[in-house]
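See structure below.
Both counts, for ligands and for their atoms, begin at 1 and track the order of listing. Values reported hereafter were calculated over all heavy atoms of this structure, with side chains retained and with hydrogens, waters and symmetry mates removed.
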Amino acid sequence: MIQAIAAPIVNSDSSHKQPTSLLADASKRLEKALRYISISEDTIARLSYPKASLSVSIPVRMDNGSLKIFTGYRVHYDDTRGPGKGGVRYHPHVTLDQVQSLAFWMTFKCALLDLPFGGAKGGIIVNPKELSKAEVERLSRGYVNEIADFIGPDRDILGPSVYTNSTIMGWMMDRYSTIQRQLTRGVVTGKPLSLGGSQGRAQATARGAFYVIEIVLPKFNCIPQNTTVAIQGFGNAGATLAKLLFDAGYKIVAVSDSQGGIYAPNGLDIPRVGEHKYSNREIKAVYSRDTVSDIVEHRTITNQELLTLDVDVLIPAALENQITADNAPDIQAKYIFEVANGPISSAADEILNNRGIEVFPDILVNAGGVTVSYFEWVQNRNGWYWTLEEVNQRLKHKMAAETQKVWDIAQTNQIDIRTAAYVHGLKRLGEAMDATGTRDYYTSD
Ligand code: NAD
């Protein structure tokens with residue numbers, strides 16, 4: 001039963017470490033959801049802190065013979081519903097606070113999709129573009145050396161994230177198996193197919209987002225051919241989703257990457273843009289007829305301009321904190337689907353809600369990736385591998401079922417979709433935590 005509750009999310013006992021900025025911002029969503037669901041004080045207390053945070057120093061022999069020490073993190077936010085699950089991010093701006101907030105999101109994402117996992121995340125402070133391939137390999141294997149006791153197929157399962165890929169996942173699984181003296185495929189997901197990866201994993205995040213879009217937009221009477229879309233971030237998730245939407249008939253009018261974007265009001269030929277980006281590493285609107293490439297009518301835009309375009313659908317698929325209180329008043333899209341993790345700050349959320357813009361949150365929209373990671377883990381443990389059709393059909397089923405449940409919670413309680421998504425995940429987390437024993441259990445007769 002959904003009802004109001006007065007308890008604070010964060011324990012006011014000053015002997016406990018208070019959540020820091022990013023995590024505190026992430027927790028605001030939980031705070032709001034708590035108004036609409038009855039949850040035990042024990043559950044709230046547990047969810048207010050990450051369960052365990054590991055910081056490691058990773059010595060790496062560089063190609064020039066020098067030794068460099070990198071800092072890495074692995075966080076278990078909660079593991080009541082199953083072993084931790086979360087990607088490993090390589091980025092110069094990785095912080096412990098960021099990794100904790102990403103682990104917090106993973107906890108809710110796995111509960112929302114009803115995957116038997118808790119929430120975890122990892123990261124290394126590094127700019128991988130400055131390292132040779134051999135240095136990246138030594139760094140990846142070195143990271144596993146340092147966190148080996150903290151992970152495992154029944155403890156915490158790694159996966160790819162920003163600037164990590166299937167090759168790196170293969171190295172990590174291989175290193176863990178060497179340490180354990182036993183092939184342990186289930187400790188890492190997102191591996192190459194030849195090392196026990198799953199069909200469909202590489203496209204799963206975009207495909208999951210596509211299924212969510214296909215379920216909800218018809219509820220607003222949106223027809224693909226009349227629906228304009230802008231996508232920020234033309235990487236693994238953004239470019240794959242652009243292609244799926246293009247093939248389904250949506251009009252993709254703008255895409256961008258870290259260098260900037262392009263805008264063509266009549267729609268972009270996404271396969272051509274993709275081909276050009278792949279071969280030249282830049283985004284350009286191109287037509288390729290035989291060997292001739294023409295520029296279609298378009299203009300180049302900044303990433304900020306892309307976010308405020310007059311479109312029906314806006315899809316942030318790049319980084320965190322792209323829509324803040326500063327630019328939220330200028331957003332013109334009617335629907336936003338968060339493919340990136342945390343692209344909208346909690347302050348911007350309030351502004352968008354008040355302006356009637358429907359935001360479909362990251363913990364639902366980008367959950368296709370972790371869902372197929374779960375399928376990979378299941379296949380590794382069973383030794384029974386599924387076809388691409390089986391993977392996609394199971395993904396579609398899961399995304400459709402949980403999207404509909406979130407939608408129903410939002411309609412019943414007249415709340416925004418993000419809050420409904422947190423209510424849905426929180427309910428499952430609360431049930432699992434309460435089953436381990438609550439204050440009532442020990443004090444009532
Ligand atoms: P990626 O590295 O393949 O692509 C990121 C894209 O964003 C690139 O095109 C890059 O040029 C662009 N970009 C970087 N900085 C930018 C900026 N300032 N403005 C605009 N664009 C910028 O990463 P990805 O795997 O596609 O992930 C994108 C987002 O989706 C991340 O937030 C990630 O956490 C989230 N996500 C990805 C997955 C997955 O399975 N790939 C799963 C869940 C969530």
Do any non-hydrogen protein atoms sit less than 4.0 Å from atom 21 (N) of ligand 1?
-> yes
Glu376 and side chain to side chain donor-acceptor pair (under 3.5 Å): which partner among Arg201, Gln199, Lys191, Arg381?
-> Lys191
For atom 5 (C) of ligand 1, the protein heavy atom that lies nearest, with its residue and separation | Gly235 CA, 4.2 Å
Would you sort out whether Phe220 and Trp407 count as a ring-ring contact (aromatic ring centres under 6.0 Å, His included), showing the intermediate values?
-> CA-CA 12 Å; Phe220 298 99; Trp407 177 265; 5.6 Å; yes
Looking only at protein heavy atoms, which one is nearest to atom 10 (C) of ligand 1, and how far off is it?
-> Ser258 N, 4.0 Å
Using distance alone, determine whether Gly369 and ligand 1 share an N or O pair under 3.5 Å.
-> no
Consider ligand 1: state whether an atom of it lies below 4.0 angstrom from any non-hydrogen atom of Arg201.
-> yes
With a 4.0 Å cut-off on heavy atoms, does Ala340 reach ligand 1?
-> yes
Between Phe150 and His76, what is the ring plane arrangement, given parallel below 30°, perpendicular above 60°, and tilted in between?
-> parallel
Does ligand 1 have an atom that lies less than 4.0 angstrom from a heavy atom of Ser161?
-> no
When distances are taken from atom 26 (O) of ligand 1, the protein heavy atom at minimum range is Ala237 N, 2.8 Å
Top protein contact for atom 36 (N) of ligand 1, by heavy-atom distance = Val339 O, 3.9 Å
Search all heavy atoms of Val75 against all heavy atoms of Gln100 and return the closest pair with its distance.
-> CG2-CG, 3.8 Å
Less than 3.5 Å between some nitrogen or oxygen of Asn341 and one of ligand 1, yes or no?
-> yes
Using a 4.0 Å heavy-atom cut-off, say whether Ala317 meets ligand 1 through its side chain, its backbone, both or neither.
-> backbone
Between the main-chain N or O of Met433 and the side-chain N or O of Thr43, is there a donor-acceptor pair closer than 3.5 Å?
-> no
Lys219, NZ: over 12 other non-hydrogen atoms inside 6.0 angstrom | yes
Start with the C-alpha distance between Phe360 and Tyr335, add both sets of side-chain angles, then the distance that settles ring-ring contact (aromatic ring centres under 6.0 Å, His included), and finish with yes or no.
-> CA-CA 8 Å; Phe360 293 85; Tyr335 315 101; 7.2 Å; no
Distance flag, aromatic centroids of Trp105 and Tyr77, threshold under 6.0 Å | no
Have a look at ligand 1 and work out which part of Asn303, if any, has a heavy atom under 4.0 Å from it: side chain, backbone, both or neither.
-> side chain
Judging by distance only, is a nitrogen or oxygen of Gly238 under 3.5 angstrom from one on ligand 1?
-> no
Among all protein heavy atoms, pick the one closest to atom 31 (C) of ligand 1 and tell me residue, atom and distance.
-> Ala318 O, 3.2 Å
Atom 23 (O) of ligand 1 has as its nearest protein heavy atom Asn236 N, 4.5 Å
Between Arg355 and Ala328, is there a donor-acceptor pair closer than 3.5 Å when you use the side chain of the first and the backbone of the second?
-> yes
Which of the numbered atoms in ligand 1 are below 4.0 angstrom from a heavy atom of Asp257?
-> 9 (O), 11 (O), 20 (C), 21 (N), 22 (C)
So, Lys51 and Asp79, do they make that salt bridge, N to O below 4.0 Å?
-> yes
Minimum-distance protein heavy atom relative to atom 2 (O) of ligand 1 = Tyr163 CE2, 4.3 Å
Identity of the nearest option to atom 43 (C) of ligand 1, non-hydrogen atoms only, from Leu306, Leu102, Ile363, Asn366 = Asn366
Structural part of Arg89 in contact with ligand 1, heavy atom criterion under 4.0 angstrom = side chain
Any luck finding a side-chain donor-acceptor pair between Tyr90 and Asn165 under 3.5 Å?
-> no
Given Gln232 and Ile315, is the side-chain contact (heavy atoms from CB on, under 4.5 Å) satisfied, shown in steps?
-> CA-CA 6 Å; Gln232 185 199 43; Ile315 301 178; over 6 Å; no
Salt-bridge contact Lys28-Glu31 (side-chain N to carboxylate O under 4.0 Å) = no
Nearest neighbour of atom 38 (C) of ligand 1 from the list Asp362, Thr205, Thr240, Leu319, on a heavy-atom basis | Thr205
At a 4.0 Å cut-off, with the gap strictly under it, does some heavy atom of Glu320 reach an atom of ligand 1?
-> no
